Amino acid sequence: MTPARDPVSLQRGFFERSAHQLAPQLLGATLLVDGVGGVIVELEIYEQSDPASHSYGGPTKRNASMFGPAGHAYVYRSYGVHWCLNFVCAPSGEASALLVRALEPTHGVEKMIERRGVSDPRKLCSGPGKLCQALAVGAKHDGLPLDETPFQVLARARELEIVRCRRIGITRAREKHWRLCASGSPYLSRGPGRG
DNA sequence: CAGTGGATGCTCT
DNA sequence: GAGCATCCACTGT
């Protein structure tokens, strides 16, 4: 039995380990921005040796946050239209991160509906661009620590079955199964989580 | 349900 | 100037 307990806010030191170790621990955690957010149901690993990673070619102005300390946010603009949020998670210098790809909305759903302009809960945070719009994440969040306002990351409250899937939406190293999904969740970014 | 293409702007070569 | 860690509308079954 899992007794009910108060949620534990994860401090930035929690993120000081490899992305591969951290990803299974963060799936099922709750991400809040100004009190709005939900349970993380999909994550993608990007490490520096990965040709698909922004950090692959070394530090640049855009990816500076990825080379900064763990436990901070890396936010970038995608296709000139959307924002995407990462958790910087390896020790400084290794430049790996976890892309938050989908949430199950639990906190501030009305606010998300207002920002997204749709009411179907499955369409609020089912993609990296969508969840940033729902949580109002943008350029000003790049480089901010994840254990301070407006961010809050609450530890997973119970165990969760994890499915590893083929990555999607990228052109290089697509074959790596570095996309972690909460098994059977209806809030994933694409399909039922198979790949 | 699967596949396609346009929008849109910033980063890096 | 090319390419992009996306989303949505639209097409054809």
Side-chain angles (χ1 to χ4, degrees), chain A residues 15 18-20 22-24 26-27 31 33 37-38 40-68 70 72-90 94-105 112-144 146 163-182 184-195:
Chain A
F15 296 82
S18 84
H20 287 276
L22 199 52
L26 281 178
L27 205 69
L31 166 67
V33 180
I40 299 170
V41 294
E42 185 175 335
L43 283 172
E44 193 161 323
I45 296 166
Y46 285 95
E47 60 179 22
Q48 192 167 358
S49 60
D50 172 10
S53 173
H54 288 173
S55 60
Y56 182 67
T60 62
K61 185 177 178 184
R62 175 178 63 160
N63 66 21
S65 298
M66 241 180 130
F67 285 84
H72 289 238
Y74 166 46
V75 179
Y76 69 93
R77 202 154 170 71
S78 175
Y79 289 88
V81 184
H82 307 283
W83 296 97
C84 294
L85 170 66
N86 293 253
F87 295 158
V88 178
C89 61
E94 290 191 22
S96 66
L98 295 173
L99 171 66
V100 186
R101 290 194 56 94
L103 303 179
E104 173 179 341
M112 296 191 216
I113 291 173
E114 184 184 320
R115 289 166 176 163
R116 290 272 302 126
V118 297
S119 57
D120 184 342
R122 290 169 303 181
K123 296 181 178 176
L124 291 177
C125 299
S126 53
K130 295 181 194 177
L131 77 88
C132 281
Q133 185 181 17
L135 274 57
V137 169
K140 66 179 180 183
H141 296 97
D142 184 36
L144 295 185
L146 297 170
V163 185
R164 287 176 174 265
C165 319
R166 182 178 293 258
R167 300 197 288 184
I168 55 177
I170 56 175
T171 56
R172 287 177 290 186
R174 287 197 303 261
E175 76 289 353
K176 293 185 189 302
H177 287 47
W178 286 357
R179 174 177 163 233
L180 277 66
C181 301
S185 172
Y187 301 100
L188 301 175
S189 68
R190 200 183 298 184
R194 288 182 286 262

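Remember, it's a predicted structure, so these values are computed and weren't measured experimentally. Residue numbering restarts at 1 for every chain, and letters A, B, ... go by the order of the sequence lines.
In A:F67, the CZ atom is crowded: over 12 heavy atoms of neighbouring residues, nucleotides or ligands sit closer than 6.0 Å.
Here A:Y79 does not count as stacked on C:dC7, because the ring centres are not under 5.5 angstrom apart with planes under 30°.
Across the protein-nucleic acid pair, A:K61 atom NZ and B:dC12 atom C1' stand 12 Å apart, rounded to whole Å. Distance A:N86 CG to C:dT6 P: 11 Å, rounded to the nearest Å. Put simply, CD on A:E175 is 15 Å from P on C:dA5, counting in whole angstrom units. Atom pair A:H177:NE2 and C:dA5:C1' shows a separation of 17 Å (rounding to whole Å applied). A straight line from CG of A:L43 to P of C:dA5 spans 18 Å, rounded to a whole angstrom. In this structure, CZ of A:R62 is placed 8 Å from C1' of B:dC12, rounded to the nearest angstrom. One atom, NE2 of A:H54, and another, P of C:dG3, lie 15 Å apart when rounded to the nearest Å. The CZ-P distance, from A:R77 to B:dA7, rounds to 16 Å in whole Å.
Side-chain atoms of A:H20 and A:E47, non-hydrogen and from C-beta on, do get closer than 4.5 Å to each other. Residues A:S96 and A:Q48 are not in side-chain contact: their nearest non-hydrogen atoms beyond the backbone lie 4.5 Å or more apart.
Not one N or O on the side chain of A:S185 forms a donor-acceptor pair closer than 3.5 Å with the backbone of A:V41. Judged by distance alone, with hydrogens and angles left aside, the side-chain atoms of A:R167 form a donor-acceptor pair with the main-chain N or O of A:I45 at under 3.5 Å.
When only modelled atom types and interatomic distance are considered, A:R116 and A:Q133 share a side-chain donor-acceptor pair under 3.5 Å.
Among the protein residues, A:R101 comes within range of the sugar-phosphate backbone only, with heavy atoms under 4.0 Å from sugar or phosphate atoms but none that close to a base. Among the atoms of the strands shown, only primed sugar atoms or phosphate atoms (P, OP1, OP2) are found under 4.0 Å from some heavy atom of A:I170.
Here the nucleotide nearest the side chain of A:T60, chosen from C:dT6, B:dT8, B:dT11, is B:dT11.
Test A:E44, A:R166, A:R164 against A:R179 for side chain to side chain contact (heavy atoms under 4.5 Å, CB included) and you get one pass: A:E44.
DNA chain B is contacted by no residue of residues 121-132 of chain A, taking any non-hydrogen atom closer than 4.0 Å.
Remark on DNA chain C: of its neighbouring residues A:T171 and A:R116, the 5'-side contact belongs to A:T171, judged by nearest-heavy-atom nucleotide.
Pair check for C:dA5 finds none; no Watson-Crick or G-U wobble contact set falls under 3.5 Å.
With hydrogens and angles left out, the side chain of A:Y76 and the base of C:dA5 share a donor-acceptor pair within 3.5 Å.
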